[in-house]
> 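Structure below; questions to follow.
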Amino acid sequence: MPELPEVETIARGVHDRVQGDRVLEVWLGRHSEPFKSSAAEMAKGLQGKYFRAVERRGKHIVCDLGSIPRGKPEAQWIVHLGMTGRLLVTAEDAPIAAHTHARLSLASGRELRFVDPRRFGRLEYRDLNDLKGFTAPGAEPLEVDAKTFAALFRGRRLAVKAALLNQTLLSGVGNIYADESLFRAGIRPRRMAGRLTAAELERLRRALAGVLRQAIKLGGSSVSDYVDANGVRGFFQLEHRVYQRDGQPCRVCGTEIRRVVVGGRSTHYCPQCQR
DNA sequence: CATTTCACCTGGTGGC
DNA sequence: TGCCACCAGGTGAAAT
């Protein structure tokens, strides 16, 4: 489900609703897949902690926690939504959705819940006395400068689409925004990353930042059932130029949009507008 | 090492 | 209606 704009929307929504709130009780489901750290340690660590802040790092949602409401974070709860994960703030008596893996009851009388049918999402608890704070491995697409961006692709022999999806190069780009940014930059997804010209790379960097910013403004893309922390759908899917539009005419030139597989992922492009 | 492929899961859709 | 193949917004391990 979620790429950078969706994760940003959810992180902001959760931040606004839980900042200053305190965890009273923790319930964790019995499926082990979502738990990157031991469930027992996570439950014990979360209990009693205050939410200092909730922020996005790449596709991760990082909750800074402390034993008092303010000050330096003492621990972090890190949520990765995978393909189908949701992080929701609910009333405590709200019905419990199928595939709910974590419920944090809060002093305000609400609950923070993690729901994930496919269980590709991950939850991690970090005690910052033992471990460093979470940092995303790749560059932030909304902050990276032209020189750094170009250096990420230099010498690489894989398709530019695959490079965009590599989270150790850029953090936060997924299948929708890789395709949409390549369309806006006029670059074919199968072009070898290391063979792009300086001008093409700069077009791509700007197209990517532009499409991500616009998507954040519209609350992300709701392709199937994506909703933010308040259960509200996004609207960026209405702005898609190529993603899941194969067989339909290009909105710019009318040529039929094609679907191919690149790096094992569905890839959509306009053979006329993208070279 | 860099790159590619595949497995991990459930659920929705569309064809027969 | 039922059954089945195929597809899905992600990632990391294994293979090449």
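Quick note on labels: first sequence line is chain A, next is B, and so on, each numbered from 1.
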> Mind checking A:Y243 for me? I need base, sugar-phosphate or nothing, with any heavy atom below 4.0 Å counting as a touch.
sugar-phosphate

> Between the main-chain N or O of A:A107 and the side-chain N or O of A:R110, is there a donor-acceptor pair closer than 3.5 Å?
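No, A:R110 side chain to A:A107 backbone: no donor-acceptor pair under 3.5 Å.
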
> Tell me the interatomic distance from A:R259, atom CZ, to C:dC6, atom C1', rounded to whole angstroms.
10 Å

> Atom CG of A:N166 and atom C1' of B:dT5: how far apart are they, to the nearest Å?
15 Å

> Rounding to a whole Å, what distance do you find between A:K161:NZ and B:dT3:P?
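One finds 17 Å between P of B:dT3 and NZ of A:K161, rounded.
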
> To the nearest Å, how far apart are A:R265 CZ and B:dT4 P?
15 Å

> Do A:E92 and A:S105 get their side chains close enough for a donor-acceptor pair, meaning under 3.5 Å?
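On atom types as modelled, these side chains do not qualify, holding no pair under 3.5 Å.
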
> Taking atom P of B:dT3 as reference, at what distance in whole Å does atom CD of A:Q167 sit?
16 Å

> May I ask you to decide if A:G121's main-chain N or O and A:D116's side chain share a donor-acceptor pair within less than 3.5 Å?
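Yes: the side chain of A:D116 pairs with the backbone of A:G121.
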
> Taking atom C1' of C:dT11 as reference, at what distance in whole Å does atom CD1 of A:I78 sit?
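Going from CD1 in A:I78 over to C1' in C:dT11 covers 16 Å.
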
> Mark yes or no for whether A:R203, through its side chain, and A:A185, through its backbone, hold a donor-acceptor pair below 3.5 Å.
yes

> Dot-bracket, DNA chain C: Watson-Crick or G-U, under 3.5 angstrom, [ ] crossing, | other strand?
.|||||||.|||||||

> With respect to the side chain of A:R156, which nucleotide from B:dT3, C:dG10, B:dG11 is positioned closest?
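Nearest to the side chain of A:R156 among the choices is B:dT3.
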
> Can you figure out which of B:dT3, C:dG10, B:dT10 approaches the side chain of A:L158 most closely?
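Closest of the options to the side chain of A:L158: B:dT3.
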
> Is A:R52 paired with A:E74 through a side-chain N to carboxylate O contact shorter than 4.0 Å?
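Answer for the salt bridge query: yes.
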
> If only side-chain N and O atoms of A:H80 are considered, is one of them under 4.0 Å from the OP1 or OP2 phosphate oxygen of C:dG10?
no

> Under 4.0 angstrom, heavy atoms only, what part of the nucleic acid is A:R122 near: base, sugar-phosphate, or nothing?
nothing

> Under 4.0 Å between any heavy atoms, over every strand shown, what does A:G264 touch: base, sugar-phosphate, or nothing? Just pick one.
nothing

> Would you mind telling me which of B:dT10, C:dC7, C:dT11 lies closest to the side-chain atoms of A:R119?
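Nearest nucleotide to the side chain: B:dT10.
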
> When the ring planes of A:F114 and A:H101 are compared, do they come out parallel, tilted or perpendicular, using 30° and 60° as the limits?
tilted

> Taking atom P in both C:dC3 and B:dC9, what distance in whole Å separates the two?
24 Å

> Under 5.5 Å between ring centres and under 30° between planes: true for A:F120 and the base of C:dT11?
no

> Ignoring backbone atoms, establish whether A:S266 has a side-chain N or O less than 4.0 Å from OP1 or OP2 of C:dA8.
yes

> What is the distance, to the nearest angstrom, from the CD atom on A:E33 to the P atom on B:dT10?
8 Å

> Could you please name the option among C:dA8, B:dT10, C:dG10 that lies closest to any side-chain atom of A:H99?
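Selected nucleotide: B:dT10.
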
> With a 3.5 Å distance limit and no angle check, can you tell me whether A:E180 reaches the backbone of A:Y243 through a side-chain donor-acceptor pair?
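The answer is yes, because a donor-acceptor pair under 3.5 Å joins these two groups.
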
> Rounded off to whole Å, could you give me the CG-to-C1' distance for the A:L165 and B:dT4 pair?
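For the pair A:L165 CG and B:dT4 C1', the rounded distance is 13 Å.
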
> Just say parallel, tilted or perpendicular for the rings of A:Y177 and A:H240, cut-offs at 30° and 60°.
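Judged by the thresholds at 30° and 60°, the geometry between A:Y177 and A:H240 is perpendicular.
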
